[in-house]
2 protein chains.
Amino acid sequence: MSLEEPVTAQIPETKRKRGQGVGAVYETLRHEILNLTLQPGSPVDEVKLAERFGISRTPVREAMVKLAGEGLVVTLPNRFTIVAPIDFPNLSQFFDALSLMYRVTTRLAAANRTEEDLVAIRELQRGYTQAVEARDVPAMIEVNRNFHVRIAQAGRNRYYTDLFARLLDEGRRLLRLYYSSHNDALPRMYLQEHEDMIAAIDRQDIDAADRIAQAHAQQIVRQIQTYITEDRRLNADISL
Amino acid sequence: MSLEEPVTAQIPETKRKRGQGVGAVYETLRHEILNLTLQPGSPVDEVKLAERFGISRTPVREAMVKLAGEGLVVTLPNRFTIVAPIDFPNLSQFFDALSLMYRVTTRLAAANRTEEDLVAIRELQRGYTQAVEARDVPAMIEVNRNFHVRIAQAGRNRYYTDLFARLLDEGRRLLRLYYSSHNDALPRMYLQEHEDMIAAIDRQDIDAADRIAQAHAQQIVRQIQTYITEDRRLNADISL
DNA sequence: AGAATATTTATTGTCGACAATGAAAATACA
DNA sequence: TGTATTTTCATTGTCGACAATAAATATTCT
């Protein structure tokens with residue numbers, strides 16, 4: 001609970017081009033929110049952001065509207081804007097949708113993947129392996145997300161890809177919350193599941209892809225739920 | 001192809017309150033886009049909109065960012081903004097996602113519906129019946145959309161409801177394109193399917209709900225595809 | 001005349017300023 | 001001292017103005 005903002009000194013640097021301002025604010029805020037650099041529920045100050053990026057409030061506001069549209073930020077009219085809180089009460093909705101998207105996108109990938117898709121997917125899997133070996137938790141979370149989004153893209157359905165990406169991003173915040181506080185046995189397990197998934201996609205085995213995706217999703221959901229339950233217990237102890 | 005904009009005289013009327021401007025522009029544009037009052041691909045002029053609503057360009061722009069975020073409008077940087085074209089080449093993606101959402105939301109509705117949900121759903125079905133009897137095509141399209149969104153809400157999963165609503169909205173434009181040019185036998189058929197759907201949801205028969213939703217989706221998809229094929233033939237004839 | 005270059009024009013993206021809003025602080029009242 | 005009322009304050013939503021951009025048009029040159 002920091003009263004002081006962790007103002008990551010972003011030098012106004014060389015004068016930005018027309019249209020670069022909104023994009024910069026949007027991208028930066030997005031990453032800081034998903035990495036939990038910005039705490040859920042913490043206020044987002046337009047004026048400070050404008051100063052930080054060396055631009056006026058107008059483009060900052062447009063970036064906020066975009067972020068609000070994606071649910072990353074919540075605007076209290078005439079009051080202020082906060083980083084979207086994590087919606088714990090409705091997590092089951094989230095898990096349900098996430099599981100379905102895992103299945104659907106992996107199925108479609110098995111059906112529609114090209115050779116280039118496979119190359120890109122394997123490349124990301126290599127990156128994931130490296131992150132696991134280096135015990136680099138932030139990298140693992142990020143690469144894992146990109147790995148699954150890339151599979152979804154191989155499935156070639158924009159609607160699924162978009163929703164899945166959004167869900168995985170929301171999941172990034174959850175993983176960040178709980179991942180580092182536990183051992184790294186889990187990520188290693190995912191590694192093998194990912195390999196199986198790639199193999200099924202490679203040989204275009206739709207049913208196998210579906211099964212593996214479903215198991216993978218259940219694995220992750222169960223794990224996060226365990227984390228949360230333990231967390232609840234800890235908090236309960238403290239509050240006693 | 002009208003060079004002149006159909007400037008629906010929107011009187012600046014009584015001075016709007018703080019925050020009402022963006023909302024008004026957003027809602028109005030949204031409806032005009034979905035009703036095809038604004039042709040897909042036609043330019044959206046910030047200045048004209050500002051004049052039309054009696055506000056400055058700043059709130060108009062924020063409304064545009066929101067609309068762009070939902071894919072209803074496409075912004076060409078430094079150039080102009082157009083009403084999002086209908087993506088005919090990728091319609092199969094759309095149909096796939098639409099069908100899945102029909103199934104998932106109807107299933108969940110059967111599982112989770114309350115008595116109030118049923119009351120609201122039946123009320124909308126009554127409205128649909130009236131629209132069919134009155135041969136009021138725009139009303140039919142609108143009420144049909146609300147009927148299915150309400151069922152999705154009864155399923156209680158925000159992620160599905162949001163995606164489904166978006167898909168149904170996109171579908172509204174397609175239906176508008178083709179509906180009125182054909183007889184009204186089809187809507188009457190949907191009427192019975194809707195009744196079956198409500199019955200399944202009422203008795204919490206998840207499998208039946210799924211089956212009916214799937215059939216309903218296939219029905220609609222096939223119909224639109226037929227429309228499009230006929231349309232293609234017509235256009236081909238003309239271009240010969 | 002036709003291509004290359006310069007000029008005009010329309011429209012966007014951004015800015016600094018100001019008024020509306022709602023909360024917090026200060027004051028009055030009991 | 002505790003509650004109601006007023007004042008201050010921080011921050012938003014909106015405005016009008018201006019500069020950057022890229023297309024359209026005019027101009028020059030061969």
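All figures in this text were calculated on a predicted structure; none of them were measured in a lab. Both backbone and side-chain heavy atoms feed into the values below; hydrogens, waters and symmetry mates do not. Labels below follow one simple rule: chain letters A, B, ... track the order of the sequence lines, proteins then strands, and each chain is numbered from 1.
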Side-chain donor-acceptor pairs of residues 113-123 of chain B under 3.5 Å, sequence neighbours excluded:
{"residue": "Arg113(B)", "atom": "NE", "partner": "Ile201(B)", "partner atom": "O", "Å": "2.9"}
{"residue": "Arg113(B)", "atom": "NE", "partner": "Asp202(B)", "partner atom": "O", "Å": "3.2"}
{"residue": "Arg113(B)", "atom": "NH2", "partner": "Asp202(B)", "partner atom": "O", "Å": "2.6"}
{"residue": "Thr114(B)", "atom": "OG1", "partner": "Glu116(B)", "partner atom": "N", "Å": "3.4"}
{"residue": "Thr114(B)", "atom": "OG1", "partner": "Asp117(B)", "partner atom": "N", "Å": "3.2"}
{"residue": "Thr114(B)", "atom": "OG1", "partner": "Asp117(B)", "partner atom": "OD2", "Å": "3.2"}
{"residue": "Asp117(B)", "atom": "OD1", "partner": "Arg150(B)", "partner atom": "NH1", "Å": "3.2"}
{"residue": "Asp117(B)", "atom": "OD1", "partner": "Arg150(B)", "partner atom": "NH2", "Å": "2.9"}
{"residue": "Asp117(B)", "atom": "OD2", "partner": "Thr114(B)", "partner atom": "N", "Å": "2.8"}
{"residue": "Asp117(B)", "atom": "OD2", "partner": "Arg156(B)", "partner atom": "NH1", "Å": "2.8"}
{"residue": "Asp117(B)", "atom": "OD2", "partner": "Arg156(B)", "partner atom": "NH2", "Å": "3.3"}
{"residue": "Arg122(B)", "atom": "NH2", "partner": "Asp202(B)", "partner atom": "OD2", "Å": "2.8"}
{"residue": "Glu123(B)", "atom": "OE1", "partner": "Arg126(B)", "partner atom": "NH2", "Å": "2.9"}

Taking only nitrogen or oxygen atoms into account, show me every contact under 3.5 Å that the protein makes with nucleotides 8-12 of chain C, one pair per line with its distance.
{"residue": "dT12(C)", "atom": "O2", "partner": "Arg18(A)", "partner atom": "NH2", "Å": "2.3"}

_Under a 3.5 Å threshold, yes or no: a donor from one side chain and an acceptor from the other, between Tyr26(A) and Glu70(A)?_
yes
*Specify the closest pair of heavy atoms between Ala152(A) and Phe164(A), including all atoms of both residues, with the distance to one decimal.*
CB-CD2, 3.8 Å
_So Arg172(A) and Asn35(A), do their side chains get closer than 4.5 Å, heavy atoms only?_
yes
*Separation of Tyr26(B) atom OH from dT14(D) atom C1', in whole Å?*
21 Å
*asked:* Is a donor from one side chain sitting under 3.5 angstrom from an acceptor on the other, for Asn90(A) and Arg158(B)?
replied: no
*Starting from P on dT12(D), measure out to CD1 on Ile55(B) and report it in whole angstrom.*
20 Å
*asked:* Ring-plane angle category for His194(B) and Phe147(B), please: parallel below 30°, perpendicular beyond 60°, tilted otherwise.
replied: parallel
*asked:* Please confirm whether the shortest side-chain N or O distance from Thr58(B) to OP1 or OP2 of dT14(D) is below 4.0 Å.
replied: no
_For atom CD of Gln20(A) and atom P of dA19(D), their distance in whole Å_ = 21 Å
